[in-house]
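Beneath this line is the structure, given in structure tokens, with notes to follow.
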Amino acid sequence: MSNPRIPRPFFCGNWKLWGTLSDSVALATGVRDAVASVTTADVAVAPGFVALDAVAGKLKGSAVAVASQDGYWEEKGAFTGEVAMVQIADCGASYAIVGHSERRQYFGETDETVARKAKAALAAGLVPILCIGETLPERDAGQALTVVGKQLDGTTANLRDDELAKSVIAYEPVWAIGTGRVATPAQAQEVHALIRSKLVHKLQARAQQVRILYGGSVKPNNVAELMKEKDIDGALVGGASLTVDSFASIVQKGVAACTRS
Ligand code: 13P
């Protein structure tokens with residue numbers, strides 16, 4: 001007999017800047033059908049904004065949820081080009097990725113703006129997927145834990161305990177994103193354990209319910225060893241989420257690896 005893992009594993013595909021509307025709908029429906037039999041994990045996909053509504057419509061009533069890749073904290077006003085968290089929720093999304101390292105690197109996101117976005121996501125009824133992670137120079141300088149700890153503190157500073165308890169944290173070392181260079185399970189677990197311990201400090205027992213995802217070159221052939229680690233509760237997947245076969249395989253292998261007997 002196997003016991004369900006706590007917290008419930010979560011696998012989210014981040015499609016980044018990819019695909020036409022029809023590409024997005026086709027990939028979403030393919031994922032929906034391929035993971036229909038998965039009952040022991042949560043699954044989501046994060047299409048580009050222009051496909052959010054159509055993808056959410058196709059996935060309505062299925063086991064696959066929808067995430068945005070970003071979102072703004074104001075609800076309306078003179079903020080040309082921005083998309084409000086309330087608009088994202090209105091499309092039928094359940095999650096909002098905030099603070100992805102590509103947003104920090106190319107679009108000037110800071111811990112402070114990420115914190116505001118996370119708060120606004122929660123206020124709109126969305127679950128924020130808060131991304132944190134160190135760069136290669138920071139890791140090489142032995143600062144990975146310090147940097148990640150500071151980012152976690154900064155991005156969650158204005159969240160109430162009940163808001164933090166329902167958030168998802170994604171550890172994505174920048175040097176592992178899109179590089180094919182995955183963190184070893186031990187490297188990832190070391191950082192996840194730090195994140196968990198900081199959550200325990202704030203939330204006590206409730207910290208065990210918070211999903212801490214790993215992201216950075218997750219593939220079907222490395223997800224199982226990552227998921228065996230105690231504090232790795234799922235994956236945020238970029239490149240390998242762009243085909244039905246590889247993403248479904250990640251979900252299935254990930255689920256199989258973390259089912260405790
Ligand atoms: P890759 O899986 O392509 O390395 O991207 C990870 C990521 O950035 C997910 O948000």
Side-chain angles (χ1 to χ4, degrees), residues 9-19 23-24 27-28 31 41-49 51-52 55 64-71 88 93-107 109 114 117-118 121 126-136 138-139 144 147-148 151-152 155 167-185 187-188 191-192 195 211-227 232-254:
F10 178 36
F11 300 90
C12 181
N14 175 6
W15 297 354
K16 307 190 181 183
L17 178 45
W18 175 87
D23 292 336
S24 302
L27 179 54
V31 168
D42 293 329
V43 179
V45 294
F49 276 128
L52 206 60
V55 165
V64 181
V66 176
S68 67
Q69 299 174 18
D70 191 20
I88 293 163
S94 310
Y95 299 91
I97 298 171
V98 292
H100 192 281
S101 65
E102 287 149 15
R103 304 254 8 126
R104 294 172 187 259
Q105 193 178 346
Y106 305 125
F107 304 101
E109 293 267 6
V114 177
K117 290 180 174 191
L126 298 165
V127 172
I129 302 173
L130 268 155
C131 300
I132 51 182
E134 82 286 359
T135 61
L136 189 56
E138 288 165 343
R139 174 156 286 266
V147 167
V148 170
Q151 288 177 340
L152 182 66
T155 53
S167 300
V168 174
I169 311 294
Y171 168 55
E172 298 206 306
V174 178
W175 48 271
I177 295 177
T179 58
R181 186 180 161 192
V182 65
T184 64
Q187 283 174 322
V191 179
H192 282 231
I195 296 169
R211 270 89 68 91
I212 309 174
L213 312 185
Y214 168 79
S217 298
V218 175
K219 309 283 181 225
N221 67 3
N222 59 30
V223 68
E225 54 176 4
L226 289 160
M227 289 302 294
I232 300 181
D233 306 313
L236 186 53
V237 185
S241 71
L242 295 177
T243 67
V244 171
D245 284 355
S246 67
F247 187 57
S249 171
I250 285 171
V251 173
Q252 282 147 3
K253 290 183 169 153

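The figures that follow rest on heavy atoms only: side chains count, while hydrogens, waters and symmetry mates do not. One-based numbering, in listed order, for ligands and for the atoms of each. Note that the structure is a prediction, hence the values are computed from the model and not measured.
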Original post:
Donor-acceptor pair, E134 side chain versus V148 backbone, under 3.5 Å?
Top reply: no
Original post:
Nearest protein heavy atom to atom 7 (C) of ligand 1, by residue and atom, and its distance?
Top reply: E172 OE2, 3.2 Å
Original post:
Side chain of R104, backbone of C131: donor and acceptor closer than 3.5 Å?
Top reply: yes
**OP:** Please work out whether the ring planes of Y171 and H192 are parallel, tilted or perpendicular, with thresholds of 30° and 60°.
**Re:** perpendicular
**OP:** Answer yes or no for K16: is there a heavy-atom contact with ligand 1 below 4.0 Å?
**Re:** yes
Original post:
Between the main-chain N or O of I212 and the side-chain N or O of D233, is there a donor-acceptor pair closer than 3.5 Å?
Top reply: yes
**OP:** Can you sort out which atoms of ligand 1 are near G178, meaning under 4.0 Å from one of its heavy atoms?
**Re:** 1 (P), 3 (O), 4 (O)
Subject >> CA sep, side-chain torsions, deciding dist, call: H100, Q69, side-chain hydrogen bond (donor to acceptor under 3.5 Å, both in side chains) >> reply: CA-CA 8 Å; H100 192 281; Q69 299 174 18; over 6 Å; no
Original post:
Atoms of ligand 1 less than 4.0 Å from G216 heavy atoms?
Top reply: 4 (O), 6 (C)
**OP:** Give the numbers and elements of all ligand 1 atoms closer than 4.0 Å to a heavy atom of A176.
**Re:** 4 (O)
Subject >> Flag, side chain of D42 to backbone of A65, donor-acceptor distance under 3.5 Å >> reply: no
Original post:
Does the Q151 side chain pair with the main chain of G133, one donor and one acceptor, at a distance under 3.5 Å?
Top reply: yes
**OP:** Go through ligand 1 atom by atom and flag the ones less than 4.0 Å from a non-hydrogen atom of H100.
**Re:** 7 (C), 8 (O), 9 (C), 10 (O)
Subject >> Protein contact of atom 2 (O) of ligand 1 - nearest heavy atom, named by residue and atom, plus distance >> reply: G238 N, 2.9 Å
Original post:
Between I177 and ligand 1, which part of the residue brings a heavy atom under 4.0 Å of the ligand: side chain, backbone, both or neither?
Top reply: both
Subject >> G216 backbone acceptor or donor facing Y214 side chain under 3.5 Å >> reply: yes
Subject >> Contact check: L236 vs ligand 1, nitrogen or oxygen atoms, below 3.5 angstrom >> reply: no
Original post:
Which protein non-hydrogen atom lies closest to atom 3 (O) of ligand 1, naming both residue and atom, and how far is it?
Top reply: G239 N, 2.8 Å
Original post:
For ligand 1, is there an N or O atom under 3.5 Å from any N or O atom of S217?
Top reply: yes
Original post:
Which ligand 1 atoms does N14 reach within 4.0 Å, using its non-hydrogen atoms?
Top reply: 9 (C), 10 (O)
